[in-house]
Amino acid sequence: SEMAKQRRNRERAAELISVLEDLVPATNPYRSGDGGSLGPDQQKRSRNKVLEDTIGAVSKAVMQDVMKTRKLLNVNVRMEEVFNVPEAAVGIALLKDDGVVCVASPALCHMLGYEPGSLVGSRIFIS
């Protein structure tokens, strides 16, 4: 029935509000202990606004993460293309601050007399 559906929706909204309580600023009007000077309709609108704002913020954060991930994947693909050029005349390596090799191109390994991939984890000092 329609009333049962509305009751379930209210229960779900109450559950969501309780989960999101930590995300809602304590200064929000509906969080005051007794509802403050807000009437029931204003409290309901306030709760709905908080939910909308929270959902919007979460959605925005997720989209930003998706965009960052896409950019990183794109950079990673391009780096792999650069590192894996067959018969390259230039060797390339990515080093940590302490000189440990993270990635070394097959060309660099060949130039230095190593098997491809065997420089990873080695320490290189450049003077």
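Only heavy atoms go into these numbers, but all of them, side chains included; no hydrogens, no water, no symmetry mates.
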Is there any salt bridge (Lys or Arg N to Asp or Glu O under 4.0 Å) pair reaching into [range], and which pairs are they, with sequence neighbours excluded?
range	result
residues 109-122	none
residues 65-75	none
residues 55-64	none

With sequence neighbours left out, write down each residue that passes side chain to side chain contact (heavy atoms under 4.5 Å, CB included) with Ala4, or none if nothing qualifies.
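Once residues adjacent in sequence are excluded, the partners of Ala4 under the side chain to side chain contact (heavy atoms under 4.5 Å, CB included) criterion are Ser1, Arg7, Arg8.
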Please table the atom pairs, donor to acceptor, closer than 3.5 Å between any side-chain atom in residues 90-105 and protein atoms at least two apart or in another chain.
residue, atom, partner, partner atom, Å
Asp98, OD1, Val100, N, 3.3
Asp98, OD2, Arg123, NH2, 3.4
Ser105, OG, Ile92, N, 3.0
Ser105, OG, Ile92, O, 3.3
Ser105, OG, Leu108, N, 3.2

Test of understanding: clusters of I, L, V, M, F, W, Y form through side-chain heavy atoms closer than 4.5 Å, transitively. Do Val120 and Tyr114 belong to the same one?
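The answer is no; the residues belong to distinct hydrophobic clusters.
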With sequence neighbours left out, write down each residue that passes salt bridge (charged side-chain N to carboxylate O under 4.0 Å, His left out) with Glu2, or none if nothing qualifies.
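Here no residue qualifies.
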